[in-house]
Amino acid sequence: MLDRPCREPKLMRTLPAPMRRLLWLLGVLYACYLIGGNIFLNSPLAPAEVNRKPEIFQAQWAWAWTLWPGQIHAHDLRLHGHARQLLWSAQGDVASGRIMLWPLLRRELRFGPVRTTAVSLDIQPTSIDLKPPPWRSDAWRITVDRISTVSLRQVRLGDLVADGGGEAELGFTHQLRGGSTAIFPSRVLMPKVRLRYRQLELLHDARLDVHFAFDPFIHEQLPGWQKLERAKIHAVVEGATPSIALGADKAGALAVRLSPLDGHLSADFLLDHGTLAPGGHLQWNAPVAITDADGTQQQRRGQLDLAVQADAVMIDARIPPPTGAGSAMAANQLEAHLQFASRQLLPRPSSGEVLRLLSGTVEGRWHFASLNWLAPLTMSKPWLQLDGAGDIVGALQIDAGRLAPGTHVDVPQVALVANILDNVFAGSAQAQARVVAGAGGTRLLADLAMERFTLAPRAAAGQAYLRGHALQVNLQSSDDLARFRQAFTARLHFADADIPDLRAYNRYLPGKSLYFLQGAGRMSTDFSIDGKGDVSAGHMQMSSAAARLALGVSRLAGKLTMDTRIDRARRAGHAFDLENFTLDLDGVRMEGSHAPPWWAKITLQHGRLDWDRPMRVRGSATLVMKDVSLLLSLFADRSAFPKWIANVINDGRATAHAEVEAQRGDFILDHLVASNRRIDLFAHLHVSEGKPSGDLYARWGVLGLGVALADGKRHFHLLHAQRWYQAQPDLIPAEATSTR
């Protein structure tokens, strides 16, 4: 019996011989596929074939098997990919599906229904934009009719994470080389989800049900969020939310934490190709735990309602005051009723268009641990900062994006810091803002008042060199919220502030060539500031009853008064034109000299001031002086001059004209021409790092004298003195003064 051949099945024996041979051939081929296909899937050959472009797509699996062509079961499957500016990954315990063979003939990789278990999905943005190769009409298309799972574990979109069991269905088609993409009607249902953003839990024990589909789109035409213009998304969310705990501690530090009490969120929205459908709504209410500045803790319930109507979206928010007497004046309460006059979210309108669709009222009184956020919100360049903790009491009336009369905001007390020309004004202030209607239209007016203030360099804010009272900052802006930040202008002014030590201003003077040695003084200032936070015009006055200053090697003492107006010039940096600059010197004595007191009034025409350090001043000066004695003393002691010079020095008031320049370590008086009834004086004077040099020519009738000063030595020219002086070079070129 063992030698008898194996007989064919009875059915096979009844078939014709050609049919029997065909069936045997198919059986052999199937056996070969079964063996070869499963060996291929579980060898290194399959991953190498699939992962030909690992920077675009990678697939890994523990083991896989197949029973017939196109059908695959993979275990512990992990997929990774890079699509434009998104990195994505997906993993599941088991995935089974079928590759349809006939679509391959038309260059389409099409998957039939794919079933997965224990699925996690992660999508993260990246700064690397992986652009596809140039598009071709015959590019391959990838189509997945449906991927489904009944054991969805986690979905992560950037920092937003949804954890919890659920189910999902997704289908899509995409043409390679930058072709079109479409998402078939899909769904994600997570009946008990926990939603968190980074470490902050947003929802727990929540139901999340999202249906979505995307019409065909091309990434280049609709980048980023603009793809939602082709989408229809219906989202239903309901669950518990943590309550909010916020306020300020006794030190004014921000205190934010989660309260153990739970709130509730219910939302149902339909976004249809960028437009919210009527009937959508959101309702949120939760306990709000508040810690006031004095440490008092309160528990109140906040509420937010959002309703999509036929022609608008209504927004209502409320945190009620505490119960009891005087609750209307209690801190930390808010009530807002707003209307957004459009249901269209995409294409996304500009910020100005968004604001013009907004109307309603906001009223509240709140204590903030820090008010630093307020200035950047209201100014394009926040040169004015509200520093530290403070209360805001206010009511906003908004009509189609414009602030209406009745709007007011008060800050009873706050630390104010103003950065002007690399200096910092600081002090405790009160602020009041109102919207008023006048002949010029409706404007926002704000007044800030400092009872006491200091002024210090920005680089050394603790080294105050000016102290004063009653500093006022008056601001105004447009009532149009779209232009609000750019339209801010201001006026900052104070009077008779105390300068304890004039030497603090040496940082602006030309080094050792001209600087204060001693003295105190007073200052008054009135600045106009534009919307960029730059000084556009100003008026400054400074005086000192007893100032000591150095000019080169000379030491002067006396009374000085400075008064000037500035207008911003069309030059880079903090460049200004000086108007009506005057400097009065009175009772001036030169140390070591027994000459009677001297006086002078200096006026600068066509003046230019570059405030950026090092400061630079240039202009044409007119000097009216008691006499020319002080000018001569800069070149030599009176006893060094011939006797005829000494006889005419004190002979009456003199008038002089000169070009003046002060910068870095240099002080220059050039093209100086001075005269009185008896003497004419011509000079070039350059003081560099405290060392004077220059040329002088004095003339009395037919008598003349030249003096060359260099390296502390004087050389007198008695013969041909005028010719010698005229041969000396200018210190400030003539073209520099003519083009100023």
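All values derive from a computational prediction rather than experimental measurement. Heads up: numbering here begins at 1 and tracks the sequence.
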Exercise for the section: Tell me yes or no: between the side chains of R98 and T66, is some donor less than 3.5 Å from an acceptor? Expected result: no
Problem - Check: L374 main-chain N/O paired with T378 side-chain donor or acceptor under 3.5 Å - result: yes
Exercise for the section: Would you indicate whether the side-chain heavy atoms of I218 and T181 approach each other to under 4.5 Å? Expected result: no
Exercise for the section: Check whether the side chains of H337 and T361 place a donor and an acceptor atom closer than 3.5 Å, and report yes or no. Expected result: no
Handout entry: Derivation and outcome, side chain to side chain contact (heavy atoms under 4.5 Å, CB included), residues I128 and H82
Key = CA-CA 9 Å; I128 301 174; H82 187 172; 4.0 Å; yes
Practice task
May I ask you to test the L170-F184 pair for a side-chain heavy-atom distance under 4.5 Å?
Solution key: no
Practice task
Examine distances only and state if a side-chain atom of R343 and a backbone atom of A310 form a donor-acceptor pair shorter than 3.5 Å.
Solution key: yes
Practice task
Would you kindly say whether K232 and H211 are connected by a side-chain donor-acceptor distance under 3.5 Å?
Solution key: no
Exercise for the section: Quick one: pull up CD in Q226 and CD in Q221 and give me the separation to the nearest 0.5 Å. Expected result: 11.0 Å
Problem - Note: E335-R318 ion pair, threshold 4.0 Å (strictly below) - result: yes
Problem - Non-hydrogen side-chain atoms of L228 and I233 separated by less than 4.5 Å - result: yes
Exercise for the section: Verify side chain to side chain contact (heavy atoms under 4.5 Å, CB included) between L208 and L195, making sure each step is shown before the conclusion. Expected result: CA-CA 10 Å; L208 176 64; L195 189 66; 5.6 Å; no
Handout entry: pair E220-R84: side-chain heavy atoms closer than 4.5 Å
Key = yes
Handout entry: Main-chain N/O of A317 paired to D305 side chain as donor or acceptor, under 3.5 Å
Key = no
Problem - Check: I319 and R300 side chains under 4.5 Å, non-hydrogen atoms - result: yes
Exercise for the section: Write down the atom of G165, the atom of P191, and the distance for their closest heavy-atom approach. Expected result: O-CD, 3.4 Å
Exercise for the section: Please say whether more than 12 non-hydrogen atoms of neighbouring residues, nucleotides or ligands are located less than 6.0 Å from CZ in R106. Expected result: yes
Practice task
Show your working on side chain to side chain contact (heavy atoms under 4.5 Å, CB included) between V161 and Y197 and close with a plain yes or no.
Solution key: CA-CA 6 Å; V161 182; Y197 180 78; over 6 Å; no
Problem - Side-chain heavy atoms of F269 within contact of L282, under 4.5 Å - result: yes
Practice task
Could you tell me the separation between the CZ atom of R177 and the CH2 atom of W135, rounded to the nearest 0.5 Å?
Solution key: 11.0 Å
Fill in the blank from the handout: Between L152 and A168 the two heavy atoms that sit nearest each other are CD2-CB, 4.1 Å
Handout entry: Electrostatic pair D76-R78, nearest N-O below 4.0 angstrom
Key = yes
Exercise for the section: Check whether the side chains of Q309 and D311 place a donor and an acceptor atom closer than 3.5 Å, and report yes or no. Expected result: no
Exercise for the section: Spell out, as yes or no, whether a donor-acceptor pair under 3.5 Å connects the side chain of S359 to the backbone of A400. Expected result: yes
Practice task
Compute whether any side-chain donor of one residue and acceptor of the other, for Q124 and D122, lie under 3.5 angstrom apart.
Solution key: yes
Exercise for the section: Going by the side-chain contact (heavy atoms from CB on, under 4.5 Å) test, name the single residue among L481, D480, I398 that passes it with L355. Expected result: L481
Exercise for the section: Decide yes or no for S186 and F172: does some side-chain heavy atom of the first lie under 4.5 Å from some side-chain heavy atom of the second? Expected result: no
Problem - Candidates E108, R110, R141 - the one meeting side-chain hydrogen bond (donor to acceptor under 3.5 Å, both in side chains) with T173 - result: R141
Completion exercise
Rounded to the nearest 0.5 Å, the CG atom of L276 sits from the CZ atom of F340 at a distance of 9.5 Å
Problem - SB check R115 E169 (cutoff 4.0 Å) - result: no
Handout entry: Salt-bridge criterion met for R153 and D163 (N-O under 4.0 Å)
Key = no
Problem - Salt-bridge present (R194, D205; N to O < 4.0 Å) - result: no
Problem - Polar side-chain atom of E49 near backbone of A46 as donor-acceptor pair, under 3.5 Å - result: no
Handout entry: Trace of the side-chain hydrogen bond (donor to acceptor under 3.5 Å, both in side chains) decision for H219 with K227
Key = CA-CA 8 Å; H219 178 87; K227 298 178 181 65; 3.0 Å; yes
Handout entry: Between H367 and N332: side-chain donor-acceptor atoms closer than 3.5 Å
Key = no
Handout entry: Heavy-atom side-chain contact between L41 and I39 under 4.5 Å
Key = no
Exercise for the section: Indicate the ring-plane relationship of W88 and F57, choosing parallel, tilted or perpendicular according to the 30° and 60° boundaries. Expected result: tilted
Practice task
Please report the C-alpha distance between L306 and V313 in whole Å, then the side-chain angles of each, then the deciding distance to 0.1 Å, and finally whether the side chain to side chain contact (heavy atoms under 4.5 Å, CB included) criterion is met.
Solution key: CA-CA 7 Å; L306 189 149; V313 178; 3.7 Å; yes
Handout entry: Donor-acceptor contact below 3.5 Å, side chain T117 vs main chain V94
Key = yes
Completion exercise
In terms of heavy-atom contacts, T116 and S151 come closest through O-OG, 4.4 Å
Exercise for the section: Hey, could you give me the CG/CG distance between L338 and D316, rounded to the nearest 0.5 Å? Expected result: 8.0 Å
Practice task
Return yes when atom CZ of R485 has more than 12 non-hydrogen atoms of other residues, nucleotides or ligands closer than 6.0 Å, and no otherwise.
Solution key: yes
Handout entry: Side-chain H-bond candidate by donor/acceptor type, H234 with D209, under 3.5 Å
Key = no
Handout entry: Whether Q71 side chain and L67 backbone form a donor-acceptor pair below 3.5 Å
Key = yes
